[in-house]
Structures are given as structure tokens and as C-alpha cells.
Q: 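Provided herewith is a single structure, encoded as C-alpha cells, for subsequent inquiry.
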Amino acid sequence: MRWLHTSDFHLGRGFHGHSLRTEQEQMLETVCAAVTEHQVDVVLIAGDVYDRALPPEWAVAALEETLQRLTESGTQVIITPGNHDSAQRLGFGRALMRGSGVHIRSSLSDSWSPVEVREPDGGRTLVYGIPYLEPQLFAPSLGLDRGHHTGVTAEVIERIWADVARRRQAAGEPTASEVSEHTTEKPGVSPGAELKVVLMAHLFAAAGAASDSERNIGVDAAAGDQPTHHQDSIGGLSVVPLELFDGFDYVALGHLHGRQRLSETVRYSGSPLRLSFSETRQAKGAWLWDSSSGEPAQPLDWNIGRPLAQLEATLEELLSPDTVAAHEESYVQVRLTDPVRPARAFQQLQEVYPYMSSFSHTGRQDAPHRTYSAKVEQARTDTEVIDGFLEHVRGGRGPSLEESHLISGTLQAVRP
């Protein structure tokens, strides 16, 4: 069987004041075309289907039309909500849609209640979809004293493997305890069994690279950062270690917007569209996995929507005919480097770059940043803003380790 792994549609999102409706409709068309071209049997959408809890009407209608097209072609669709979605609203009508082949896993108990997919050769694949789980809200329901993403995910995955074992036992197949200790088989799965287990989740996994367009879910990471899991702070515990995903045949992750391979079986599909200038050079597309081939998932490359350009030069260079011709149809981020800001610089650039989306005047590139305001301007994260303030008022001394932990915990507590 062939599986398409995608995520982070963010339907209803704009780009620096520009509507992305046309690009997002093209994105949905691209998904449908890929399903047809590659004869996909199952589509996995790993969260952030919408950009906000109350999406615009056109976005809801566009998703409905897409799901109808996919299911009418015989494709099953499995969806988990992300941190941008309202799980309850996205899950409306899920019991009715199940019969048509659309499976929405939007509640906590759905996490260990799989969608069972029958393979043509008689094998089975169990798909466990974990909706985005805000730790502070769901930790008590899971019997946890402390709420963080690693603990919540670990508890849910433990329940998933317990469910796998129960299903194998009910089918009269050997459980993990009956498998030889010399094997390295998956928990709850016996050697030679025609059973595969797939996991879907929306979280920040260790070694994943961030971008600017992702809403913070406990990890204070700037674009390009690859945080690691550690036990010393709430932020470190928000990064889920890859070891938790051992044993699954495929792990379809959402949240990070760049398509990424974290291991042979653990992948981020990324957002099909570029949603910030930090994604200008990111690989965009999806993953195509053949569950019967034994081969790793293969990338599908998509180039959807208007290109992005980051231009850093003087006004004269930016107004040159060759530069304008190359980028006039792009969403443009301009950093003007003239030592003194030229008169009407913004207006002149806007006239030749109609999709200019960001403008700043940086002045001399070698000028030292001595003021606190300059430090704030250069800060990439909330933590760096606070660190810069402490350095400023303390004459160059930043936060201690204890203070850093306090800052991390406070930021986590006040974030929506």
C-alpha cells in the first residue's frame, strides 16, 4: 500500500498582509494530483489543518471538497489536529465521516484507539493518531504530576503499545513477553507477524529544525535551531526524544515546517507552502511511503505558490533592472544597507516590487550594536530579549543558570 504523509496546511493563513488563498487552493489541488499520480491508498495529515481555531468559511469549504475528492477515489484519509486547530471543531461529524473513509483522531482516548487498515496481502496496519496535547491540560488525565510534552507523549505511547499487545493477544498471536529475548522486535509484535504500526503526532522532536512561522509549543527555538531533549528545564522536556518512537514502522510528524528526515522511520513532512522568510530555502513537499516494499519513505518535491526572495543591498543595487526582473513577482524581504537611509526608499522599492512584504534599513553592516534597543532588534527569541535586558541593566552580566530555568518556566506558563 502507498501512503502520503503531509501536514501543516494552515488553511486561512496570510503572508505579511497578502492573502494566500490562491496558493492554498493550489496546494490542495497538488495533494489530490499526487494521490492520483502515485495511486496513494492512505493520506496522513499530521495537524495544523487550519491556521486558527475559527478558520474562514472558504477554508472549511476547500477542505471539505478536497476530502470528498480523495474519498471518492477510494483513498482513506487520517487527520490529527495540531496546536493551531480547534480539536473539537475539526472533529465535528467525525463519526459520520468515518464511513466514507475520513478518520479524525481528535480526542485523548483516540490516541490509543487505532484506525485499522487492511493491506491487499492480508496484513494489517494499525494507525495511531495523537492529537496535539497541551501538557498542562492533559497531564492530570494521564495520571502525571508534571506537565511537559515528553512525559505526556511517553505515557500515550506506552498505552499505544499496550493496545497493540492486547489486539495481538485477542487474535491468538504471541505477545512481546512470548518473543525470544534475543530478538529486537517491536513491543507487542511477534516475529514474522503481518502487522505494522504507524504513529501520527504533532510535536517538537529532538534534532528537528525550527522556522519562524511555527507557534511556540514550549520550545524557545529560533529559525534553524535544532534543540535537543534534556531534563534540566521545561523547554528541554518539551523536546521529545527520538527514542520514544522506536519500534514504529513509520512515524508521521507535524508542526515543524521544513520537510525533514530524523531517522529511517521518523519524518516531518513540513508545510507544503512557504509560510515565512526563514523557509526560503527549505525543502517543501511530502513523503511517499510504500508499506509493502520495506524501503524508507521517499520525498515528493512540490513548488507551490509565489517564490520568496531575501534581498540585502543598497537602494541602487535593488533598483537595478536585472535585480527587479529577477524578483518582481516574488514575496520580497528587503534589508537596505545604505549608510544613510535614502529619501523615499520604501516607496521606490514598493513601486518595483509589488509583493514586498518586509522592509528594514540596517545601515552599515559592520556598525557595532551598543544600545539595548539594538540588542532587542537583533534578538531571535523571547529568551534572548530578556537576556539582553539583563545584560544591559547589569553592565554585561546575563542570567545565571537558575535564572535561566526560571525565565524558561515563566515563558512557558504565560504562553497561550
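In this text the structure is predicted, and so the values were computed from the model without any measurement. For the single chain, residues carry numbers from 1 onward in sequence order.
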Q: Quick one: is the NZ or CZ of R259 closer than 6.0 Å to the six-membered ring centre of W287, and within 45° of its axis?
A: yes
Q: From the options S278, S271, S276, select the one residue that forms a side chain to side chain contact (heavy atoms under 4.5 Å, CB included) with H257.
A: S271
Q: Less than 4.5 Å apart, side chain to side chain, heavy atoms only: is that true for V352 and E328?
A: no
Q: Side-chain donor-acceptor pair under 3.5 Å between Q310 and R281, yes or no?
A: yes
Q: If only side-chain N and O atoms count, and only distance matters, is there a donor-acceptor pair under 3.5 Å linking E119 with S291?
A: yes
Q: For the backbone of T71 and the side chain of T75, can you confirm whether one donor and one acceptor N or O come within less than 3.5 Å of each other?
A: no
Q: Establish, yes or no, whether the cationic atom of R306 lies under 6.0 Å from the six-membered ring centre of Y355 and within 45° of the ring axis.
A: yes
Q: What orientation do F346 and F359 show, parallel under 30°, tilted 30 to 60°, or perpendicular over 60°?
A: perpendicular
Q: Do the rings of H202 and H255 sit parallel, tilted or perpendicular, given the 30° and 60° boundaries?
A: perpendicular
Q: Does CD belonging to Q88 count more than 12 external heavy atoms closer than 6.0 Å?
A: no
Q: So does E65 pair up with R69, basic N to acidic O under 4.0 Å?
A: no
Q: Can a donor-acceptor pair be found between the side chains of S107 and D110 at a distance below 3.5 Å?
A: yes
Q: Only one of I45, D48, L273 forms a side chain to side chain contact (heavy atoms under 4.5 Å, CB included) with D8, so which one is it?
A: D48
Q: Is it true that D163 and R167 have a side-chain N and a carboxylate O under 4.0 angstrom from each other?
A: yes
Q: We want to know whether E351 and Q347 form a side-chain donor-acceptor pair, criterion being a heavy-atom distance below 3.5 angstrom.
A: no
Q: Does atom CG of D145 have more than 12 heavy-atom neighbours, drawn from other residues, nucleotides or ligands, at distances under 6.0 Å?
A: no
Q: Does L126 reach the side chain of L195, with side-chain heavy atoms less than 4.5 Å apart?
A: yes
Q: Thinking salt bridges, do R13 and E23 make one under a 4.0 Å N-O criterion?
A: no
